[in-house]
Amino acid sequence: MNELRWDPTLREWVAYATHRQDRTFLPPKEYCPLCPTKPGGFPTEVPRESYEIAVFENKFPSFVPDAPPPEEAGSELTPTAAGRGVCEVVLYTDDHSATLAVLEERRIRQLVDVWADRYAELGALEFVEYVFIFENKGEAIGVTLHHPHGQIYGYPFIPPRPKKELDAARDYQSEGRGCLHCGLLSREHKDGRRMVVKGDHFSAFVPFYAHFPYEVHVYARRCAPSIADLSADERWDLARVLKRLLVGYDNLFGFSLPYMMVMHQAPTDGKDYEGLAHFHIEFYPPNRTAEKLKYLAGSETGAGAYVMDALPEQTSERLREAVGRAG
Ligand SMILES: [Zn+2]
Ligand SMILES: [Zn+2]
Ligand SMILES: [Zn+2]
């Protein structure tokens with residue numbers, strides 16, 4: 001069952017996908033469904049002995065392309081809709097114990113191409129209004145499978161958080177001030193204190209207003225609306241900057257750092273987002289220290305107001321130092 005219900009108090013859709021309760025939960029390594037299928041072994045999601053990068057439809061999708069009409073009729077105040085969309089899984093490597101951080105730059109560069117291709121292909125579907133590329137990494141984030149992988153959701157609507165960002169960018173632009181993200185990026189460059197990795201075409205920094213202690217935003221220097229708009233040089237640089245940042249993240253506390261990685265870019269609803277959407281990646285690691293996690297508690301969840309105990313100027317310095325330690 002895939003169904004959307006409208007929350008008129010927050011003016012956002014909530015997706016219900018009841019079959020997801022049967023998801024595979026942290027299987028032992030020998031039964032990983034994302035590993036290659038070994039000769040004579042049990043069939044995994046990938047019917048090959050090895051692979052580099054693989055993409056397939058999520059077996060437990062939050063949205064499906066052929067979602068039936070909603071079972072609940074809803075009301076004028078609380079309408080329902082079919083949970084129509086696409087959910088894909090992107091396997092980064094066939095090496096079960098790898099992470100994005102340990103992959104070669106060349107592989108991350110290939111992954112950038114795969115992300116760009118999926119963005120274009122899913123975005124071209126008439127019912128997909130937003131292609132959301134993301135990764136949940138680590139048990140602290142609630143991953144159910146350890147094999148290195150990310151996901152892609154093709155939503156039938158523009159989700160609330162990117163929408164809020166786009167609305168802010170639209171207001172900023174209508175005041176004649178150009179692209180909001182270009183403005184933020186130029187301030188971060190000028191200030192410099194929160195910069196973590198500066199490549200030729202991408203910059204990674206802890207934003208002035210970080211919501212997580214080690215939150216990092218990776219911005220395209222050029223005002224490119226989506227990952228599909230990046231040139232070959234920009235794609236190489238994105239791979240390089242991601243690699244350096246991720247190695248730095250792992251150096252920070254001396255273990256493979258959990259995080260959520262999300263991409264914000266132009267919706268695919270057919271409208272023009274030139275100068276409004278500016279391709280960037282956001283990382284939210286849950287760790288405050290090696291042992292302590294930041295929980296989204298009453299203030300964050302119920303009021304939407306984040307309270308932080310470390311300043312971005314301090315965390316970015318530690319992070320920059322950890323990136324510098326990279327071999
Ligand atoms: Zn595996
Ligand atoms: Zn811009
Ligand atoms: Zn963003």
Side-chain angles (χ1 to χ4, degrees), residues 24-38 41-54 56 59 89-100 102-103 130-134 137 143-150 158-173 176-189 201-212 215-227 229-230 234 259-267 272-284 306:
T24 323
F25 185 77
L26 295 174
K29 186 181 181 300
E30 339 44 293
Y31 292 103
C32 173
L34 307 183
C35 273
T37 301
K38 310 219 166 47
F42 79 104
T44 69
E45 294 289 336
V46 195
R48 304 173 63 135
E49 281 184 47
S50 69
Y51 61 83
E52 291 203 319
I53 294 172
F56 58 88
K59 247 192 168 164
V89 175
V90 183
L91 306 183
Y92 298 162
T93 165
D94 63 4
D95 177 359
H96 183 85
S97 51
T99 60
L100 195 50
V102 305
L103 294 184
Y130 198 91
V131 179
F132 185 62
I133 302 170
F134 67 104
K137 181 191 165 214
V143 293
T144 51
L145 294 171
H146 279 309
H147 198 106
H149 72 285
I158 302 175
R161 183 137 181 167
K163 186 175 179 302
K164 213 169 167 181
E165 222 178 63
L166 288 163
D167 287 346
R170 199 172 285 110
D171 287 349
Y172 187 83
Q173 195 190 51
R177 298 195 281 176
C179 168
L180 171 63
H181 299 283
C182 286
L184 287 168
L185 184 59
S186 117
R187 283 201 62 84
E188 289 295 350
H189 280 161
H201 300 284
F202 278 84
S203 298
F205 54 88
V206 178
F208 185 73
Y209 44 81
H211 291 58
F212 287 85
E215 178 170 339
V216 167
H217 292 189
V218 181
Y219 270 47
R221 210 105 91 217
R222 185 170 65 85
C223 197
S226 82
I227 193 167
D229 297 306
L230 300 179
E234 288 171 323
Y259 59 72
M260 293 169 264
M261 173 186 81
V262 311
M263 299 192 192
H264 288 157
Q265 52 193 324
D272 183 19
Y273 288 94
E274 201 73 44
L276 282 178
H278 180 137
F279 174 69
H280 61 277
I281 306 180
E282 302 185 359
F283 285 88
Y284 322 121
Y306 283 70

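Below, each value reflects all heavy atoms present in this structure, side chains not excepted, and no hydrogens, waters or symmetry copies. Note that ligands are numbered from 1 as they come in the structure, with each ligand's atoms numbered from 1 the same way.
- For the atom pair CD (E165) and CD (Q265), the distance works out to 11.5 Å, reported to the nearest 0.5 Å.
- Distance check for H264 against the Zn ion (ligand 3): an N/O/S atom falls below 2.8 Å.
- When ring centroids are compared, Y219 and H278 come within the 6.0 Å threshold.
- The ND1 atom of H278 and the SG atom of C182 subtend an angle of 100° at the Zn ion (ligand 2), given to the nearest 10 degrees.
- Atoms ND1 of H147 and SG of C32, as seen from the Zn ion (ligand 1), are separated by an angle of 110°, to the nearest 10°.
- Between H217 and F205, the two ring planes are tilted [angle within 30° to 60°].
- Under a cut-off of 6.0 angstrom, the local environment of CZ in R222 is crowded, with over 12 non-hydrogen atoms contributed by other residues, nucleotides or ligands.
- In this structure, the separation between NE2 on H264 and CZ on R161 is 6.0 Å, given to the nearest 0.5 Å.
- Within a 6.0 Å radius of OH in Y306, other residues, nucleotides and ligands contribute more than 12 heavy atoms.
- When the Zn ion (ligand 3) is compared with the N/O/S atoms of E165, atom OE2 turns out nearest.
- Taking 2.8 Å as the threshold, H280 counts as a candidate ligand of the Zn ion (ligand 3), since one of its N, O or S atoms lies below it.
- Rounded to 10 degrees, the SG-metal-SG angle spanning C223 and C179 at the Zn ion (ligand 2) equals 110°.
- Note: angle at the Zn ion (ligand 1), from SG of C35 to ND1 of H96, is 100° (rounded to 10 degrees).
- Taking NE2 of H146 as the reference point, atom NE2 of H96 lies at 7.0 Å (rounded to 0.5 Å).
- Among the heteroatoms counted here (N, O or S) of E282, OE2 is the one nearest to the Zn ion (ligand 3).
- Checking H181 against the Zn ion (ligand 2), every N/O/S atom stays at or beyond the 2.8 Å cut-off.
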